[in-house]
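Report on one structure; see the data block that follows.
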There are 2 protein chains.
Amino acid sequence: MSSHITIKDIAKAMGCAPSTVSRALNNSPNISPAVREAIQRYAMEHNYRPNEFALSLRNNRSNTIGVILPQIKHYFFASVLSGIERAASEAGYNIIVAQSNEEYDKEVAIVESFRKAKVCGVIASLAKGTYDYSHFRRLVDEEMPLVFYDRICTELNTSRVVVDDYTGAFAAVEHMIVTGCRRIAFFTSPLHLEISKNRRNGYVDALRKHRLEVCNEMIVECDTRVAARELTLGMLKLDKERPDGFFAVNADTAAGILYACKDSGLRVPEDVSICGFSDNETARSTEPRLSMVDQHGEAVGQGAMELLLAKIDGDEEKLVYKNKIVKTSLILRGSTRDK
Amino acid sequence: MSSHITIKDIAKAMGCAPSTVSRALNNSPNISPAVREAIQRYAMEHNYRPNEFALSLRNNRSNTIGVILPQIKHYFFASVLSGIERAASEAGYNIIVAQSNEEYDKEVAIVESFRKAKVCGVIASLAKGTYDYSHFRRLVDEEMPLVFYDRICTELNTSRVVVDDYTGAFAAVEHMIVTGCRRIAFFTSPLHLEISKNRRNGYVDALRKHRLEVCNEMIVECDTRVAARELTLGMLKLDKERPDGFFAVNADTAAGILYACKDSGLRVPEDVSICGFSDNETARSTEPRLSMVDQHGEAVGQGAMELLLAKIDGDEEKLVYKNKIVKTSLILRGSTRDK
DNA sequence: AAAGACAACGCAAACGTTTGCAATGTTAAA
DNA sequence: TTTAACATTGCAAACGTTTGCGTTGTCTTT
């Protein structure tokens, strides 16, 4: 009883051929209005739903988009996924989701499973350990629409969505300068990463614009809370030369800095300003709460989906790759001073 | 060239019928070993992959499991999704993911889309606004394997995975008692929710076990940081009667309590102990960091997947519904005292 | 009135599998 | 040597669609 009605059933009931039913349901002009309406009404009444497998088999493509995330639990990626899901849902696509757990092998396996599932597009962010891109290259060779976000692959000609790291960092650092900071330290993740470079450039250019010295000792590779705490305590002992502002690559690091400052008896933001990249729950949970650069993960996800749809739908545009840069915004909270 | 090879292609190449190829690849005993091996070798060499659509069409079921989340961005749900993804991947299933955004209408639409996609099972957690369960009831009526997690539906006969709220709360409160607390307040989400009731019971029973008074003024409905802060400030003014311990329904609330205590000049944990339910980033970001009950979201996800697979695979077991209760664990950090 | 045009519909193949059954060929038993 | 049994393979239908092409039938045109 629950078994779904098919086009053949309708054809039998209406005394016509399946092809007629198909055309009627697809509003083909070759079907007389009377018949068409009768068929459509019957289909409606009997809650006809086309069988997706049959459609997929015939069109050789599913109605599905594959999404690869390095880690689902990570707030930024969860946000991106949320944005993708929303956009996909609006466009009538399903998404199948898989996480690489930052493992290259898993990433390769995922790509393979997506090919098997014949998804009609892939949205991906690279695992940290991925240096070989041949699995993605195969997708590109097969003309599978592919969009990278955040951790993009610069070797491949695909659309990309990235966060405006440079401008975000620039704005944050400039805000600290304008509100009185003169010696701003920068805690960064490894500088071979694209995002680190861009954020560093933003930091440096903001200093230069305001004619502040760019001092190499102020730029340190440090992106965990524990390390940040230690490092900060050391830097604050510099007494006269101590930083009066910190710009951190992520919220955890910023939190470590914050607590080190408080331990050192410094007031935040009166004595020291702190600002970080990548807003998340952590930044909203300290006291004072941390001023942060918001990456707008959901916008990234939505942008990726839009680019992907453009490639899926577009015909001649299929070969044109576009980049989208999602603007960040500076969320001012208690760890920086007001103007 | 990239177009995949089919069974027919192999048949043509080997000079036999497609059915023979099919049987050979499926290791049917009716095929002579020589032919079978030749075919398998050919298939292997030509990287044959069965067409999933054709399989799905024939079997009338996809190789996919639908997952419904209230909010992907929420840490607990992201953790659950991560667990589901891992388990599904190991079992060879794809997952399609959709979020209800706590909206009833969206949830209904998702269920419908899952039916269209003919997923072979559904894992779901209810949206807050869902009081009518007919969309899920339809799934059950159609014998679609269905498992609820966390926000379960008690009206329907399905497998369920829940967190052991009672024991988790009991353990947390008992720990505070054992380490010296005598007046413990409980900040809870609305008590009509199942989880609230269970946690309250754990709280009450722990007090009773240790012959402490259960005082109604100590149980307050409050589950946001801002409200918690206000409320705590008020309670701490009770001077002699002030609480010396707080148990909060979530991390945000616990953070609000923490900062109110510090504002009041009380030391945590020396003067006041604080413990919360649902560990997440927030709890790891305060100073001191918050002792929390960890819900083991990934275990919840994995458990849900296991129950679902049991229903999908099991034959006579298909109608047996099982419950799984995931044990919590108490993570002791700086907001409670040691024994 | 005959022929052409056109509207409306049906036939059948195709997408890639699986599987019940029939059709071979081979071997063993009588 | 005949027959039965069995191993091996092929045929064809089925899953639910879509679509090119052929077939009707009606209407307009000359």
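The chains referred to below are lettered A, B, ... by the order of the sequence lines, with proteins before strands, and numbering in each begins at 1.
- In A:Lys324, the NZ atom is crowded: over 12 heavy atoms of neighbouring residues, nucleotides or ligands sit closer than 6.0 Å.
- At a threshold of 4.0 angstrom between heavy atoms, the contacts of A:Arg36 with the nucleic acid are absent.
- Within the nucleic acid shown, A:Leu55 comes within 4.0 Å of sugar-phosphate atoms alone, with no base atom in reach, counting heavy atoms only.
- Heavy atoms of B:Ser32 sit under 4.0 angstrom from primed sugar atoms or phosphate atoms, though from no base atom.
- No engagement by A:Arg61 is indicated, since no non-hydrogen atom pair under 4.0 Å with the nucleic acid exists.
- In this structure, B:Ile7 reaches the sugar-phosphate backbone alone: every heavy-atom distance under 4.0 Å involves primed, P, OP1 or OP2 atoms, never a base.
- Counting any heavy atom pair closer than 4.0 Å across all strands shown, B:Asn30 reaches a base atom.
- In terms of position on DNA chain C, the residue among B:Thr20 and A:Val21 whose nearest nucleotide sits closer to the 5' end is A:Val21.
- Rounded to whole angstrom, the span from the CZ atom of A:Phe53 across to the P atom of D:dT18 amounts to 16 Å.
- Distance CG (A:Asn27) to P (D:dT19): 14 Å, rounded to an integer number of Å.
- Note on A:Asn51: only backbone sugar-phosphate atoms sit closer than 4.0 angstrom, heavy atoms only; bases stay farther off.
- In this structure, CG of B:Asn26 is placed 17 Å from P of C:dG16, rounded to the nearest angstrom.
- The side chain of B:Ile31 sits closest to D:dT9 out of C:dG10, D:dT9, C:dG16.
- C:dA14 atom P lies 17 Å from atom CG of B:Leu57, rounded to whole Å.
- Side chains of A:Glu298 and A:Gln302: a donor-acceptor N/O pair is absent below 3.5 angstrom, by distance only.
- Of the N and O atoms on the side chains of B:Asn26 and B:Ser28, not one donor lies less than 3.5 Å from an acceptor on the other residue.
- Among the heavy atoms of the strands lying under 4.0 Å from A:Thr6 are primed sugar atoms or P, OP1, OP2 only; no base atom is included.
- Looking at heavy-atom distances under 4.0 Å, A:Ser22 makes contact with a base.
- Under a cut-off of 6.0 angstrom, the local environment of NE2 in A:His74 is sparse, with at most 12 non-hydrogen atoms contributed by other residues, nucleotides or ligands.
- Per the geometry, CZ belonging to A:Arg58 stands 11 Å off C1' belonging to D:dG16, to the nearest Å.
- Aromatic ring orientation, A:His46 versus A:Tyr42: parallel (interplanar angle below 30°, classes split at 30° and 60°).
- If you take CZ of A:Arg23 and C1' of D:dG16, they are 15 Å apart, rounded to a whole angstrom.
- Contact check, B:Asn59 against C:dT17: no side-chain N or O comes under 4.0 Å of OP1 or OP2.
- If you find the closest nucleotide of DNA chain D to B:Ser19 and to B:Ala54, the one lying nearer the 5' end belongs to B:Ser19.
- Rounded to whole angstrom, the span from the CD1 atom of B:Ile10 across to the P atom of C:dG16 amounts to 12 Å.
- For D:dC15, the OP1/OP2 oxygens have a side-chain nitrogen or oxygen of A:Lys8 closer than 4.0 Å.
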Walk me through it: do A:Tyr104 and A:His135 pass the test ring-ring contact (aromatic ring centres under 6.0 Å, His included)?
CA-CA 10 Å; A:Tyr104 169 75; A:His135 48 310; 5.5 Å; yes
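- We find that CD of B:Glu52 is positioned 19 Å from P of C:dC15, with the value rounded to whole Å.
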